[in-house]
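Side chains are part of it too, since the values below use all heavy atoms of this structure and drop only hydrogens, waters and symmetry mates. A quick note: this is a predicted structure, and the numbers were derived from the prediction, not measured. Convention: sequence-line order gives letters A, B, ...; per-chain numbering from 1.
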Amino acid sequence: MIKAQRGTKDIFGDEVATWQWIFENAKKTFQNADFTEIKTPIFEATELFNRGVGDSTDIVNKEMYTFKVGGAEKNETSITLRPENTAGVVRSFIEHNLNRQSPPQKFWYFGPMFRYERPQAGRQRQFHQAGIELFGIKEPTADAEVIMLAVDFLNALGLNNLTVELNTLGCNKCKNEYKESIKKVLLPYLEELCDDCKMRYKKNPLRILDCKNENCQKIFEIKEIKEIILKDYVCDECREHFTELQSYLDNLNIKYTINKMLVRGLDYYNRTVFEIKSEALGSQSAVCGGGRYDGLVEMLGGTPTPAIGFAMGVERLYTLVDKVAPKKNDFFIVSNNSNEAIKLARKLRLKNKRASFDLQKRKFAKQLEKASKTAKYAIILGEDEINENYYSLKNLATGEQKAIKTFEELLNLS
RNA sequence: GCGGGUAUCGCCAAGUGGUUAAGGCCCCGGAUUGUGGUUCCGGUAUACGUGGGUUCGAGUCCCACUACCCGCCCCA
């Protein structure tokens with residue numbers, strides 16, 4: 001027996017209604033905000049992620065589905081199943097010269113991503129992300145709009161008790177100063193840090209702040225270190241940007257907490273970063289992560305373009321939302337005359353009604369039983385009805401049944 | 001990559017070395033050849049994760065493997 005691969009999952013049956021509902025809410029929320037859907041390929045050149053996501057990240061270093069295609073004789077190309085979608089959207093933005101359109105250029109997406117990790121609660125190897133990317137705006141209004149949409153989308157799903165965490169990493173200049181200061185103050189304690197942090201110290205020192213190791217946490221509490229960590233390295237411009245963003249959020253009545261330790265794992269972020277968390281999720285608590293990536297378009301070969309976006313984990317959203325019950329059909333046609341039943345089903349469907357009928361010539365009682373389980377109304381189309389040219393419409397919730405003369409009347413009554 | 005747990009029909013689940021592996025749900029049929037959702041009766045199913053071992057005898061004990069779940073790391 002061939003089974004679904006580890007960390008993958010079939011979505012079918014009762015789960016479908018909720019998945020579709022999440023998708024419809026994303027579509028509605030983002031389209032109303034003038035974002036257009038973008039579907040980029042599931043696989044891209046490996047190089048895109050190496051450069052785009054960053055080669056100091058776990059994603060690139062140990063989690064990518066990478067393989068060669070094209071055969072040994074041809075020019076082999078290394079491709080990778082997308083582990084996230086920002087790099088792909090940026091590639092598309094550059095490739096199609098979308099910077100020539102009037103900014104902002106706004107996109108939303110919803111689709112599968114792939115990371116080779118140990119599966120556990122809220123984490124699959126093939127999982128789905130819904131997200132948005134906004135290009136061409138350096139003003140903090142863009143940051144505010146993006147965060148607002150994240151919150152509004154979650155609210156639309158009935159998720160109101162989530163925490164928005166906010167931080168600014170500063171521009172490249174501030175980020176570097178911050179990095180160097182942290183390295184400097186931690187240097188005497190380097191040997192006491194955990195192995196991961198020793199690695200981070202070299203490759204990406206800001207990530208040290210993300211460490212949950214108890215001993216490392218203790219070190220961060222040391223007065224002089226804490227001072228450096230909490231000290232604002234942001235330049236005046238960056239500070240102003242951040243302050244302005246906060247005033248927009250305050251004005252929108254969006255609650256948030258500032259978390260100086262919030263760094264995020266992808267290399268491309270600068271200035272605003274944010275996460276939205278739920279305590280109900282256990283250790284995979286983040287449902288949404290995002291931030292500004294003003295340098296990424298240029299780094300991938302485009303003209304310098306400020307940008308900001310977020311991604312949400314749909315499987316995590318799914319565990320949090322109230323499940324949507326599958327809808328019943330509008331009609332089930334009960335008839336022993338397959339020709340009449342199939343014709344009527346078609347007519348109803350063309351009028352945008354959900355209708356089904358018996359395909360097995362089953363007994364009347366069985367057909368009605370099926371109808372009562374799957375539909376709101378049964379249309380009984382027996383010999384009497386066909387001969388005398390009417391429909392018997394039975395409301396399956398109340399048991400009430402009446403004779404209906406015309407097809408139009410049938411549509412109106414349901 | 002490192003720890004802990006679990007594995008019996010489609011789903012839930014009994015079973016603690018001894019006939020032919022309970023039961024419930026779902027599904028199918030009948031009671032009821034044109035009136036369902038309640039009830040009653042009956043039925044289908046390649047179910048003990050895989051491979052070894054111990055034993056007269058293994059779903060049950062032992063070993064290995066695999067998968068899934070949970071935690072760490074990381075991320076959405």
Side-chain angles (χ1 to χ4, degrees), chain A residues 1-10 12-14 53 56-64 83-86 110-131 150 154 194-197 199-200 204 207 210-214 216 263-266 274-278 281-291 309-320 328 332 334-337 360-386 392-401:
Chain A
M1 161 99 72
I2 298 171
K3 293 189 189 160
Q5 291 299 287
R6 181 165 205 200
T8 70
K9 189 177 177 316
D10 300 312
F12 67 99
D14 287 350
V53 178
S56 79
T57 63
D58 281 359
I59 291 176
V60 167
N61 283 320
K62 49 185 194 193
E63 295 174 4
M64 295 213 298
E84 56 97 56
N85 208 28
T86 298
F110 190 112
M113 308 293 158
F114 305 84
R115 293 182 199 174
Y116 188 79
E117 299 179 271
R118 282 288 289 266
Q120 60 181 274
R123 184 198 289 160
Q124 298 275 315
R125 288 180 174 181
Q126 175 173 345
F127 62 105
H128 296 75
Q129 286 189 334
L154 295 167
C194 69
D195 290 347
D196 284 336
C197 280
M199 287 292 293
R200 292 176 183 134
N204 193 348
R207 295 276 304 288
D210 262 345
C211 188
K212 277 133 202 150
N213 181 295
E214 254 181 62
C216 295
V263 169
R264 304 206 38 76
L266 284 64
F274 64 99
E275 275 184 13
I276 303 180
K277 293 181 177 177
S278 164
L281 282 173
S283 62
Q284 269 67 42
S285 63
V287 291
C288 174
F310 67 71
M312 301 210 191
V314 181
E315 279 77 1
R316 291 179 190 179
L317 295 176
Y318 183 91
T319 65
L320 292 174
K328 286 194 165 182
F332 188 95
V334 174
S335 176
N336 290 318
N337 186 325
Q360 303 172 83
K361 294 215 158 93
R362 294 204 288 183
K363 286 170 35 178
F364 186 90
K366 289 296 171 191
Q367 290 194 29
L368 201 54
E369 186 183 338
K370 179 81 171 175
S372 74
K373 283 176 182 166
T374 59
K376 294 176 215 156
Y377 291 92
I379 299 173
I380 296 166
L381 203 54
E383 278 178 38
D384 292 352
E385 284 84 355
I386 293 168
S392 291
L393 180 71
K394 187 180 180 76
N395 182 324
L396 292 162
T398 63
E400 184 190 358
Q401 181 171 330

Polar side-chain atom of A:E315 near backbone of A:H128 as donor-acceptor pair, under 3.5 Å: yes
Sidechain-backbone polar pair: A:R123 side chain, A:R118 backbone, donor-acceptor under 3.5 Å: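 Yes, A:R123 side chain to A:R118 backbone: donor-acceptor pair under 3.5 Å.
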Write down the distance between [atom1] ([X]) and [atom2] ([N]), rounded to a whole number of angstrom.
X      : N     : atom1 : atom2 : answer
A:E385 : B:U35 : CD    : P     : 12 Å
A:K370 : B:C28 : NZ    : C1'   : 11 Å
A:Q401 : B:G37 : CD    : P     : 15 Å
A:R118 : B:G3  : CZ    : C1'   : 9 Å
A:K394 : B:G37 : NZ    : C1'   : 10 Å
A:L320 : B:A76 : CG    : C1'   : 12 Å
A:Q367 : B:G36 : CD    : P     : 13 Å

[atom1] gap between [N] and [M], integer Å:
N     : M     : atom1 : answer
B:A67 : B:C40 : P     : 45 Å
B:C63 : B:C28 : C1'   : 44 Å
B:G42 : B:G5  : C1'   : 41 Å
B:G37 : B:A31 : P     : 14 Å
B:C62 : B:G17 : P     : 12 Å
B:U16 : B:C72 : C1'   : 34 Å
B:A21 : B:C25 : P     : 22 Å
B:G36 : B:G29 : P     : 15 Å

From B:U35, B:C28, B:G36, nucleotide with atom closest to A:R362 side chain: B:C28
Closest listed nucleotide, where the reference is the side chain of A:E369 and the choices are B:G36, B:C69, B:C28: B:G36
Give a yes/no answer on whether the side chain of [X] brings an N or O atom under 4.0 Å of OP1 or OP2 in [N].
X      : N     : answer
A:R123 : B:C70 : no
A:Q120 : B:G71 : yes
A:K366 : B:U32 : no
A:R6   : B:C68 : yes
A:K363 : B:A31 : yes

Whether over 12 other heavy atoms sit under 6.0 Å from A:F110 CZ: yes
Atom CD of A:Q120: over 12 foreign heavy atoms under 6.0 Å: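 Counting other residues, nucleotides and ligands, CD of A:Q120 exceeds 12 neighbours.
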Between A:E385 and A:S392, a side-chain donor and acceptor under 3.5 Å: yes
Along RNA chain B (nearest heavy atom to each residue), the more 5'-positioned of A:E117 and A:S392: A:S392
